[in-house]
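Taking it in order: structure first as structure tokens, then the write-up.
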Amino acid sequence: MSNQKIKITLPDGSEREMDKGVSGLQIALGISEGLARNVLAAKVNGEIWDSNRPIEQDATVQLLTWNDKEGKSTFWHSSAHLMAEALEALYPGVKLGIGPSIENGFYYDVDFGDRTFEGAELETIEAKMIELARNKSEYIRKDISKSEAIAYFENKGDEYKLDLLEGLADGTITFYEQGNFVDLCRGPHIPNTGFIKAVKLLNIAGAYWRGDEKNKMLTRIYGITFPKAKELQEYLFMLEEAKKRDHRKLGRELELFTFSEKVGMGLPLWLPKGTLLRERLINFMKKAQDKSGYQQVTTPHIGHKALYETSGHYEKYGKDSFQPIATPNEGEEFLLKPMNCPHHCEIYKYKPRSYKDLPIRYAEFGTVYRYEQSGELHGLTRVRGFTQDDAHIFCMPNQVKEEFIKVIDLVLHVFKVLGFNDYTAQISLRDPNNREKYIGGDEAWNKAESAIIEAAAEKGLETVTVLGEAAFYGPKLDFMVKDALGRRWQLGTIQVDYQLPDRFELEYIGADNQKHRPVMIHRAPFGSLERFVAVLIEHCAGNFPLWLSPDQITILPISEKFTEYAEKIRMLLDENDITGFIDNRDEKIGRKIRDAEVKKIPFMLIVGEKEQEEEKVSVRKHIDGDLGSYTPEEFVKYFKGLIADSLKN
RNA sequence: GCCGGCGUAGCUCAGUGGUAGAGUACUUCCUUGGUAAGGAAGGGGUCAGGGGUUCAAAUCCCCUCGUUGGCUCCA
């Protein structure tokens, strides 16, 4: 044991002299035994290490527990190894792909050979994992040479690990061993398997090796583990609650939309209430756009095939799309429109444009059709026919940034009014290694990409940048929101495009009396109305903001003797553009209230003998209950005030 | 498109080879009731579709369609 000292700096800024070779665990022990029991890993100079790995030089050390994101991910990664150990014990000869931690838990990709893995077997694996966890096997890190590593997996016959090893440099390879299981792994891991107290394997799915559909499909087993049984119970409860928000379930229950096999998969049918919701969203957007200088245009649902050949969409997507519509005339073909932009380009072109006209902003709630892969369809979030709150801004190059910023403001306004605070702004750029996926030259792309980056920076937007996510004609700024089950969906999108103006030969006459090419910005704050409604439903669990709610009010007469008075109230609401209906079923008031609560109707107006005499209504609010009695006029004023408040910003 | 699961009444679901069920919704009647389910009666299913095994199939097998969890894709 060396008695050389090193300096350890803790997150609170305090410094400690410790022996060289001290581990995170030992540092924790020096603070408190309780902490030491809970330490899962250590962050050493920003890098996550095993808590028992010796620290050889001065370092900033943060001890990671279950309360830290990195602590959890280490825990789950170790759990993946535990599951792999259980799998090898139960199914000798299985081959393993990769087994990382994910946002909520972990998975491991497994090749069971010719065997079909049954979901029912998950419980057996869970039991085995718990059994192995009780052994408290330590996770032991080993540096190993590449040749030894290759020899090990050649002997084991695991081609996936050999494939992974190919990409690794000699001298950087580590194995981790726990119990009877050895895995190629960078680490880090928790001290031993005994930390894992509760296990739930959630589901199985197919996943291509290395995410490439040309490769073999492995069985991916998803799971989650916890250091306490109670935390698993809570997690499972939360999952159940999340399922109750599923827009597919609420959409049916609240009578918003439906699907029909006969109409076709992925083609939503909007019911009256869903349509009302859509219309409210559309009016909201139109109003916001009117203020921002947009003009509404309307274009047909089909267009000549040549239109999309010009735009490049046909070449890029034609073979995977709804196929052209033939006419009686030989060789004449139309396409169901997958995009509105080519139509809008033609509107731009219908007359010569002056620089004084720009920017021109054409907006359309355009319904488009795309042949999405059958396996991709999902409720309203991924459909084959949907309505975009689309608009195309045609502007001069020096107006791009300003216009882009205005669109960011519009998107943020929408998110703010609807309470979407938890979104990710993603800058989607070209994949530098795969340029043939895109049209257009480097110069235009570079200009477009920097316009987005600058505009986002200028707005102080927190962004993540993802290479390879750009549209084929230009980079994008996408706004992503999670659904009830944590799946991320793209809502708003803003795209800078130098390509389509070129392809459609769009022009304007500049101050110099010369022809110039405008730049296009494609943008859709909702993205698609269908997806937006889906995410909105899950976000508010079907309890829509008053101004959006399809049923704003139901009037509940105590008995049929008061339907006439109820009708008077309804007419007053009608005059004030408030949506209300009378529940005049032959049911008791308790029943009517219950049904209105279940249908999540924001307000109930109860009218009986007392109300009729006093010319009042008893107001009951969804979830909150009785608000007392109001005169009808007072209530209308109160109601309108609530709506005005929620639309302020 | 690929891998796995699922498909019984409008909805939620029971029914493991022997005459299709429950709750709820719906219809009719009784009840005219004061803040989350009043009572009674009734109608409703080619058990997704097609083929096969069997004396007999909702049930076992195959195909198709739809749906679902992922993967790949996403203008």
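These numbers come from a predicted model, not from an experiment. Chain letters run A, B, ... following the sequence lines, proteins first, then strands; residues in each count from 1.
Applying the 4.0 Å criterion to OP1 and OP2 of B:G69, one finds that A:His378 has a side-chain N or O inside that range. Listed pair A:Arg370 / B:C73 fails the phosphate criterion, with no side-chain N or O lying under 4.0 Å from OP1 or OP2. Within the structure, a side-chain polar atom (N or O) of A:Arg248 is placed less than 4.0 Å from OP1 or OP2 of B:U68. Residue A:Tyr317 places at least one side-chain N or O closer than 4.0 Å to OP1 or OP2 of B:A75.
Annotation for A:Pro518 and A:Leu506: closest pair CD-O, 3.2 Å, computed over non-hydrogen atoms.
Relative to the side chain of A:Lys561, the nucleotides B:C74, B:G69, B:U32 differ in distance, and B:U32 lies closest. Each of B:C74, B:G69, B:A75 was ranked by its minimum atom distance to the side chain of A:Arg382; first place goes to B:C74. Of all nucleotides listed (B:C30, B:C73, B:A75), B:C30 comes nearest to the side chain of A:Asp586. Comparing atom distances between the A:Met265 side chain and each of B:G70, B:C65, B:C74 picks out B:C65 as nearest. With B:G34, B:A36, B:U68 as the choices, the nucleotide that has an atom nearest any side-chain atom of A:Ile593 turns out to be B:A36. Counting only heavy atoms from C-beta on, A:Lys588 has its side chain closest to B:G38 among B:A75, B:A36, B:G38. Checking B:A36, B:G70, B:U68 against every side-chain atom of A:Glu597, the shortest atom distance belongs to B:A36.
With the nearest nucleotide of RNA chain B identified for both A:Arg594 and A:Arg220, A:Arg594 has the one nearer the 5' end. Of the two residues near RNA chain B, A:Gly375 and A:Cys341, the one whose nearest nucleotide lies more 5' is A:Gly375.
Residue A:Tyr473 is in sugar-phosphate contact alone, with no base atom involved, counting any heavy-atom pair closer than 4.0 Å across all strands shown. At the heavy-atom level, A:Tyr222 lies under 4.0 Å from the strands shown only through sugar-phosphate atoms. Within the 4.0 angstrom heavy-atom criterion, only backbone atoms of the sugar-phosphate kind lie near A:Ile589; the bases stay farther away.
Using N1 to N3 plus N6-O4 or O6-N4 for Watson-Crick, or N1-O2 and O6-N3 for G-U wobble, each under 3.5 Å, B:C6 pairs with B:G66. B:U27: Watson-Crick or G-U partner is B:A41, with both key distances under 3.5 Å. B:G21 is paired with B:C13 under the Watson-Crick or G-U wobble criterion, all donor-acceptor distances under 3.5 Å. Base pairing annotation: B:U59 forms no Watson-Crick or G-U wobble pair, as no partner gives both donor-acceptor distances under 3.5 Å.
Using a 4.0 Å cutoff on non-hydrogen atoms, the parts of residues 608-621 of chain A near RNA chain B are A:Gly608, A:Glu609, A:Lys610, A:Glu611, A:Ser618, A:Arg620, ordered by number.
If you take atom P in B:A58 and the same atom in B:G17, they sit 13 Å apart, rounded to whole Å. The C1' atoms of B:G18 and B:C60 are separated by 15 Å, rounded to the nearest whole Å. Rounded to a whole angstrom, the distance from the P atom of B:G49 to that of B:U59 is 10 Å.
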Are any protein N/O atoms closer than 3.5 Å to N/O atoms in nucleotides 23-28 of chain B? If there are, list each pair with its distance.
| unit_1 | atom_1 | unit_2 | atom_2 | d |
| --- | --- | --- | --- | --- |
| B:A25 | OP1 | A:Arg591 | NH2 | 2.2 |

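Distance A:Gln495 CD to B:A75 C1': 8 Å, rounded to the nearest Å. As a whole-Å value, the separation of A:Asp624 CG from B:U35 P is 18 Å.
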> Could you run down nucleotides 3-13 of chain B 5' to 3' and tag each one B, S or - for protein heavy-atom contact under 4.0 Å?
Replying inline: BS------SS-
